[in-house]
Amino acid sequence: MLLTISTTATPATDLGFLLHKHPDRVQEFGQSFGTATVFYPEADESRCTAALLLDVDPIALVRSRGKNSPDFSLSQYVNDRPYAASSLLAVALGDVFRTARAGRCVARPELPGRAMPLEIRLPALPCRGGPSLAERLFTPLGWAVEAEAVPLDEGFPEWGDSRYVRLTLRGDVRLADALNHLYVLLPVLDDGKHYWVAPDEVDKLVRAGEGWLYGHPERGLIMRRYLGRRWSLARTALARLAELGDETEEQLEPAVAEEPEAGETAADELAATEAASEAEPGTEAEPAAEGEPGAEDPKPKSLNTRRREAVLATLEELGVTTVIDLGCGQGELVGALLSRPRFARVAGMDVSPMALTIAARKLRLERMPDSKRARLSLFQGALTYTDKRLTGYDAAVLMEVVEHVDPPRLAALEHVVFGHARPQHVLVTTPNVEYNPRYEFLTGLRHSDHRFEWTRAEFTAWATGVAERNGYQVAFRPVGDDDPEVGPPTQMGVFTR
Ligand code: SAH
């Protein structure tokens with residue numbers, strides 16, 4: 001997939017400063033799903049073009065699973081979206097041009113504030129809704145839009161058009177705005193985001209959409225598509241954009257800028273993303289228990305935070321120094337483990353390339369000091385296939401993961417974790433379904449991807465069986481407020497060999 005950005009500003013080579021990428025160099029940026037390359041097909045005083053080429057490598061993804069892992073069994077988690085979606089182009093653009101998107105330029109601080117003559121070309125953009133939708137989305141933002149359907153086959157016009165559009169945008173726009181328009185609207189046009197829309201997508205949308213999205217005539221469609229048709233998330237986003245809507249653009253600019261360092265301020269970031277989440281009621285804020293140090297802290301701790309803290313405290317208590325987080329998601333626990341020097345080796349594994357991409361970005365993998373980087377491995381894998389990479393750790397954590405696995409595959413998971421990897425300790429957390437009636441607006445399970453949620457008795461029965469069959473002892477601990485009637489919101493099993 002290819003995107004080019006050209007300018008005829010004088011000098012046109014200012015584009016290199018703004019993008020923070022030198023026009024003389026070809027630079028590659030590894031993404032978990034392939035490689036993003038930035039180069040300049042032309043760069044002189046009168047015209048300068050930067051190109052972002054995204055090479056998605058499905059073969060490498062498949063091969064990295066090992067020869068005994070049939071990929072069809074993974075199809076429920078990994079479908080063609082990661083390979084076909086232009087949301088990947090948006091992810092790569094967001095990552096590679098993060099500083100430019102935030103409107104920062106240390107070398108030439110005056111540049112980002114200026115609109116400049118830009119021409120953006122996307123020769124083949126997946127576009128559900130065709131050229132007219134592309135026009136409806138970009139025209140209100142000040143772009144002159146040229147959108148043309150790409151025929152399925154040039155030689156057979158009667159076959160009709162493909163779902164791809166050749167798109168050219170021209171306008172006098174600030175580069176940061178242009179990048180944010182693309183960051184939000186490319187996945188919207190594609191309308192096929194990865195199945196798992198994380199709660200922090202609301203934050204990304206609010207940040208990238210500041211100053212233009214709230215007033216956009218198609219904002220409803222944009223938000224619904226961007227957030228995977230999750231109305232609750234769209235409402236949250238809208239409310240927050242409305243709060244920001246009246247500010248001037250200058251005031252808004254700095255808010256786009258910073259992503260906190262993983263580890264140090266990850267908790268703040270989490271709190272922010274959790275506040276935006278209606279997806280899983282477990283992420284709603286709850287008051288801190290009395291007597292906790294958090295009592296003087298006005299911000300109540302969310303269940304996510306308390307769960308992570310419970311897992312960290314248990315690992316410290318067990319005295320382990322090497323930990324693998326299985327189904328690590330966006331890497332929040334991995335980040336917390338890395339920030340504690342006592343954990344000498346930390347690994348994160350997940351089946352979702354998109355989750356790993358987000359994790360790598362949140363952990364700032366590319367900028368991580370070597371000493372820290374050396375303690376970490378992050379890789380794609382599935383919990384239902386034996387894998388040598390899972391062996392050799394003191395402890396494994398499965399935090400809110402078992403309930404994402406189809407019940408018939410639980411025996412395979414048991415074999416992989418308790419039979420094959422066999423760490424000294426395994427920590428498993430999972431929702432306690434008995435607690436669900438305590439969530440006011442919840443109908444059904446806590447998350448759309450949950451295959452089941454267990455009662456305390458069901459979890460105990462499963463865990464006890466696993467322990468007996470594999471030579472482990474298991475103890476149970478509540479996480480969150482232990483309700484006298486229905487128990488805690490989260491249950492944790494601590495297995496020891
Ligand atoms: N442990 C994280 C994420 C929980 S969400 C946290 O507590 O925040 C569940 C995660 O499990 C998702 O990231 C999903 O991609 C992953 N997952 C689901 N099935 C999996 C499987 N079979 N193998 C590995 N990871 C899996």
Side-chain angles (χ1 to χ4, degrees), residues 32 61 64-66 69-79 81-82 194-201 262 266-267 269-270 273-274 277 279-280 282-283 302-312 315 323-337 346-360 362-363 378-387 389-390 395-417 420-421 426-431 445-453 479-480 489-492:
S32 77
L61 269 176
S64 67
R65 281 191 210 124
S69 328
D71 61 353
F72 59 83
S73 338
L74 281 169
S75 57
Q76 55 186 313
Y77 300 112
V78 182
N79 54 30
R81 299 317 314 166
H194 193 266
Y195 79 96
W196 190 47
V197 175
D200 76 341
E201 294 292 338
E269 194 194 26
L270 259 173
T273 58
E274 284 166 6
S277 162
E280 192 179 1
T283 61
S302 70
L303 182 58
N304 269 1
T305 305
R306 294 175 76 176
R307 193 188 294 124
R308 197 173 54 246
E309 287 177 354
V311 166
L312 286 165
L315 290 170
V323 181
I324 182 162
D325 186 13
L326 300 170
C328 62
Q330 304 190 3
E332 272 120 19
L333 179 66
V334 167
L337 288 164
V346 177
M349 183 273 256
D350 202 285
V351 77
S352 155
M354 187 62 78
L356 290 167
T357 304
I358 298 172
K362 286 196 166 182
L363 293 164
L378 207 56
F379 58 91
Q380 198 214 5
L383 269 165
T384 41
Y385 296 96
T386 52
D387 187 334
R389 296 172 299 176
L390 311 187
V397 176
L398 287 92
M399 189 162 83
E400 308 297 284
V401 175
V402 278
E403 66 276 8
H404 289 264
V405 175
D406 279 326
R409 307 291 292 153
L410 283 177
L413 178 145
E414 176 182 337
H415 174 67
V416 167
V417 177
H420 186 256
V426 181
L427 274 55
V428 177
T429 79
T430 193
L445 301 183
R446 296 186 197 182
H447 192 285
S448 55
D449 190 50
H450 284 178
R451 308 303 155 105
F452 58 85
E453 283 169 0
V479 179
T490 299
Q491 34 189 353
M492 174 158 72

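None of these values were measured; they are calculated from a predicted model. In each ligand, atom 1 is the first atom listed, and ligand 1 is the first ligand listed.
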Parallel under 30°, tilted from 30 to 60°, perpendicular over 60°: which one fits the rings of His420 and His415?
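Geometry flag for His415 against His420: tilted rings.
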Counting only nitrogen or oxygen atoms and a 3.5 angstrom limit, does [X] reach ligand 1?
{"X": "Met399", "value": "yes"}
{"X": "Gly327", "value": "yes"}
{"X": "Thr384", "value": "no"}
{"X": "Val401", "value": "no"}

Nearest heavy atom to atom 25 (N) of ligand 1 wins, so pick from Asp325, Val351, Ile358.
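Selected option, by shortest heavy-atom distance: Val351.
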Report yes or no: does Asp350 contribute a side-chain atom to a donor-acceptor pair with the main-chain N or O of Gly329 at less than 3.5 Å?
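Yes; judged by distance alone, with no hydrogens or angles, the pair exists.
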Ion pair check, Glu403 and Arg446, cut-off under 4.0 Å:
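No salt bridge links Glu403 with Arg446.
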Atom indices of ligand 1 within 4.0 angstrom of [X] heavy atoms, with elements:
{"X": "Ala382", "value": "23 (N)"}
{"X": "Ser352", "value": "15 (O)"}
{"X": "Glu400", "value": "4 (C), 5 (S), 9 (C)"}

Assess whether salt bridge (charged side-chain N to carboxylate O under 4.0 Å, His left out) is satisfied between Arg307 and Glu400, documenting all intermediate values.
CA-CA 10 Å; Arg307 193 188 294 124; Glu400 308 297 284; 3.4 Å; yes
For Glu414, enumerate each residue passing the salt bridge (Lys or Arg N to Asp or Glu O under 4.0 Å) test, keeping only those at least two apart in sequence or located in another chain.
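Glu414 satisfies salt bridge (Lys or Arg N to Asp or Glu O under 4.0 Å) with Arg469 once adjacent residues are dropped.
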Shortest non-hydrogen contact between Asp325 and Val397, atoms and distance:
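The pair with the smallest heavy-atom distance is OD1-O, 3.5 Å.
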